[in-house]
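Beneath this line is the structure, given in structure tokens, with notes to follow.
Please read all numbers here as calculations on a predicted model, not as lab measurements. Lettering follows sequence order; numbering is per chain, from 1. Below, all heavy atoms of this structure are taken into account, side chains as well, without hydrogens, waters or symmetry copies.
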2 protein chains.
Amino acid sequence: MDLIQRISAEQQQLSKSERKVAELVLHDPETAIHRSIASLASLANVSEPTVNRFCRRLGCKGYPDFKLQLAQNLAKGTPFVNRHIEESDNVDELTQKIFDSTLSALSIARQSLDSRPISSAVDALVNARKIAFFGFGASASVAHDAQNKFARFDTPSSFSDDLLVQRMWAINSEPNDVLFCISHTGRTKALCEIAEIAHENGACVIGVTALDSPLSDFCRIVVSSNVPEDTDQYMPMASRIAQLVLIDAIIAGYTLKRGPQFREKLARVKEGLKGSRFQKSPDSSS
Amino acid sequence: MDLIQRISAEQQQLSKSERKVAELVLHDPETAIHRSIASLASLANVSEPTVNRFCRRLGCKGYPDFKLQLAQNLAKGTPFVNRHIEESDNVDELTQKIFDSTLSALSIARQSLDSRPISSAVDALVNARKIAFFGFGASASVAHDAQNKFARFDTPSSFSDDLLVQRMWAINSEPNDVLFCISHTGRTKALCEIAEIAHENGACVIGVTALDSPLSDFCRIVVSSNVPEDTDQYMPMASRIAQLVLIDAIIAGYTLKRGPQFREKLARVKEGLKGSRFQKSPDSSS
DNA sequence: TTGATTATGTAACTTTACTACATTTAGGCT
DNA sequence: AGCCTAAATGTAGTAAAGTTACATAATCAA
């Protein structure tokens, strides 16, 4: 656990004066690392030894050591604590918080990543006859995004958030077909049904979902993201971003595995998109 | 340019004694940050002021400042630099790289953020009569995602990636209607046309796009993300993630501005979604 | 070689952080 | 309440670290 997290964790157990220091540091860590102990102390309205004791309580050797660790912590760029949004936040604070918690979730997901299912997914895709991406609600747009990327490839792919279309696809599925079922919770009844049908037909069902969920029972491969609870209480935020990035990784793996002449094709596809744009600086699709 | 790079760059122009210090630091930076100026000086067989002068020559305020910068430099260690994917990467490396570059892009976007257009967008939405989210290609799924979130709210909202549907909406648009046009480059001809029509009808066109792009000419508000060039050469990766997070921020601002009784409604919507799921741990939509 | 210029080191000084101790504050018990 | 104990906080002195001013040594051009 890094220093900033340690401070916010221990904040409760600190004494009154020490908590003043903690608040100051958490509120503006940048400032702290450029100040002397005396200046920080007076800023927090406490004495110098209090600041020193505060540092030691956090496991530092002294104030200079504390500054050093804090500096490193900041440089690492994971001061993204899941700070919850408050009624009093202005738009600027709020925006920063949203970015922070997304970054935080992504970086946690990155650490607790299992590349094996991703690898299996790539293998399945390379041999796929046709591919589909299904999901509902917020996961539908993730599926949509994934299909959009596969549209660049030469294997037939489809997306749907329509129950009946999905069911038809599943019923017609065969071995060597790949079905991506996307659901954060893995508890959406309708999607489980679809997955079951495809699974029974011998298709390779890949779940971008939670491990040990009802949906995962029907999946040959489960790619899970292990993001912390969503910051926002009303709708998925960070979880779907993690799903997108996971799928990006699968796509990158696929692109690589298909070899150089496949990537030439991709370059041609990209070139071909230019016709739809006002020219100036050639860029990726949008 | 970071400190270590700066040292090796200036190494040639340094005097004999100062070069000794430079070599020492480059050879073992870890040690340097934990030593006092005296200890470092004796280790390099030079005097203390020499070390001090060395620090200043590198643009630091003094030795403590030098240590701080060096520490930050080291902590960055394997920063989320846009490390390009290589043929030889295995799936694990590749996945890490994809996550890294996404994190990198997001954190850059976070730093160079202008909250004013976000704030204006929130204001426009609060007064909106109807709202639409349009985009093509990868941006279509972003628009899809945004609409999915607005489906929870009480203002009529729609999404389309269909040229004709979009055009019909634009033609029917009026003042107080809000149109989100999503495009990374802001150069997609079709979308510009739609934006122009809506704009001429007096609707509030909000571009989630690049500043100074053709599209931005028809936008009353431009929310831009300033992400670095996309890592992947073939398709948008990081840029669309940044778009999503920007829209998340707008939504969070909107939710907050609508006040507590509006959030109660949201809670009811979330509760209502449960019926579509296998129960166990209630969670957000998927 | 010599004078000027730059590089380096010495020593005094200033700032910074730490330690030991005194004072205050808070909580428990009669 | 009033007292006692223990914890928390601050004061003042001390040690250590960093900086500055100046003196000496090295380098180079004429």
Side-chain angles (χ1 to χ4, degrees), chain A residues 3 6-74, chain B residues 3 6-74:
Chain A
L3 191 60
R6 227 154 43 199
I7 297 175
S8 41
E10 295 217 12
Q11 207 170 359
Q12 315 307 329
Q13 300 153 36
L14 292 175
S15 70
K16 203 165 47 181
S17 300
E18 284 174 7
R19 205 171 313 142
K20 282 192 215 167
V21 182
E23 276 164 24
L24 201 71
V25 173
L26 286 177
H27 179 261
D28 187 6
E30 276 299 333
T31 306
I33 61 174
H34 292 300
R35 286 185 173 272
S36 71
I37 191 169
S39 137
L40 189 69
S42 77
L43 214 72
N45 280 312
V46 297
S47 68
E48 300 180 26
T50 301
V51 176
N52 190 291
R53 280 186 286 260
F54 165 77
C55 299
R56 288 174 198 276
R57 202 176 298 274
L58 292 160
C60 301
K61 263 196 79 181
Y63 182 68
D65 185 44
F66 169 79
K67 283 212 307 200
L68 223 60
Q69 288 201 37
L70 189 61
Q72 297 208 325
N73 198 155
L74 291 179
Chain B
L3 190 59
R6 230 156 38 198
I7 297 174
S8 40
E10 296 217 13
Q11 206 171 359
Q12 316 305 330
Q13 300 155 36
L14 293 174
S15 72
K16 204 165 47 180
S17 301
E18 284 174 8
R19 206 171 312 142
K20 284 193 215 166
V21 182
E23 277 165 24
L24 200 71
V25 172
L26 287 177
H27 179 262
D28 186 7
E30 275 298 334
T31 307
I33 61 174
H34 292 301
R35 288 187 171 270
S36 72
I37 191 170
S39 137
L40 189 69
S42 76
L43 214 73
N45 281 312
V46 297
S47 68
E48 301 179 25
T50 302
V51 176
N52 190 291
R53 280 187 286 261
F54 166 77
C55 299
R56 286 172 200 276
R57 203 175 299 273
L58 291 159
C60 302
K61 263 195 82 182
Y63 183 67
D65 185 44
F66 169 79
K67 282 214 307 202
L68 223 61
Q69 289 201 37
L70 189 61
Q72 297 207 322
N73 199 154
L74 291 179

(request) Please round to the nearest 0.5 Å and tell me the distance separating atom CZ of A/R53 and atom OH of A/Y63. (result) 15.5 Å
(message) Under 4.0 Å between a side-chain nitrogen and a carboxylate oxygen: does that hold for A/E18 and A/R57?
(response) yes
(message) Can you confirm whether B/V51 sits close enough to B/F66 that some side-chain heavy atom of one is under 4.5 Å from a side-chain heavy atom of the other?
(response) no
(message) Nearest whole Å is fine: how far is D/dA17 C1' from B/D65 CG?
(response) 16 Å
(request) Would you indicate, yes or no, if D/dG18 has its OP1 or OP2 atom less than 4.0 angstrom from a side-chain nitrogen or oxygen of B/R56? (result) no
(message) If I compare all heavy atoms of B/P29 with all of B/L70, which pair ends up nearest, and what's the gap?
(response) O-CD2, 3.9 Å
(message) Whole angstroms only, please: what is the CG-C1' distance between B/L40 and D/dA17?
(response) 13 Å
(request) Strictly below 4.0 Å, heavy-atom distances to any atom of DNA chain C: list the hits from residues 18-27 of chain B, or just say none. (result) none
(request) Quick one, give me the B/S/- string for nucleotides 21-27 of chain D, reading 5' to 3', where B means a protein heavy atom under 4.0 Å from the base and S means that only happens at the primed atoms, P, OP1 or OP2. (result) ------S
(request) Establish, with yes or no, whether the OP1 or OP2 oxygen of C/dT6 is under 4.0 angstrom from a side-chain nitrogen or oxygen of B/S15. (result) no
(request) Could you state the atom-to-atom distance from OH of A/Y63 to C1' of D/dA17 in whole Å? (result) 15 Å
(message) Between P on C/dC13 and CD1 on B/I37, what's the gap in Å once rounded to a whole number?
(response) 19 Å
(message) Is any side-chain heavy atom of A/K61 closer than 4.5 Å to one of A/Q69?
(response) no
(request) Work out which heavy atom in A/A71 is nearest to a heavy atom in A/I33; give both atom names and the distance. (result) N-CG2, 3.9 Å
(message) Measure NZ/A/K61 against C1'/C/dT19 and give the value in whole Å, please.
(response) 15 Å
(request) Can you tell me the distance, in whole Å, between the CG atom of B/N52 and the C1' atom of C/dG9? (result) 13 Å
(message) Quick check for you: to the nearest 0.5 Å, what is the distance between B/D65 atom CG and B/R56 atom CZ?
(response) 10.0 Å
(message) In the structure I gave you, are the side-chain heavy atoms of A/L68 and B/H34 within less than 4.5 Å of one another anywhere?
(response) yes
(message) With rounding to the nearest 0.5 angstrom, report the NZ to CZ distance, A/K20 to A/F54.
(response) 13.5 Å
(message) Rounding to an integer number of Å, can you tell me how far A/E48 CD sits from D/dT14 P?
(response) 16 Å
(message) If I take atom CG in residue A/N45 and atom C1' in nucleotide D/dG10, what distance separates them, rounded to the nearest angstrom?
(response) 13 Å
(message) Check this one for me: any side-chain N or O of B/S47 less than 4.0 Å away from OP1 or OP2 of C/dT8?
(response) no
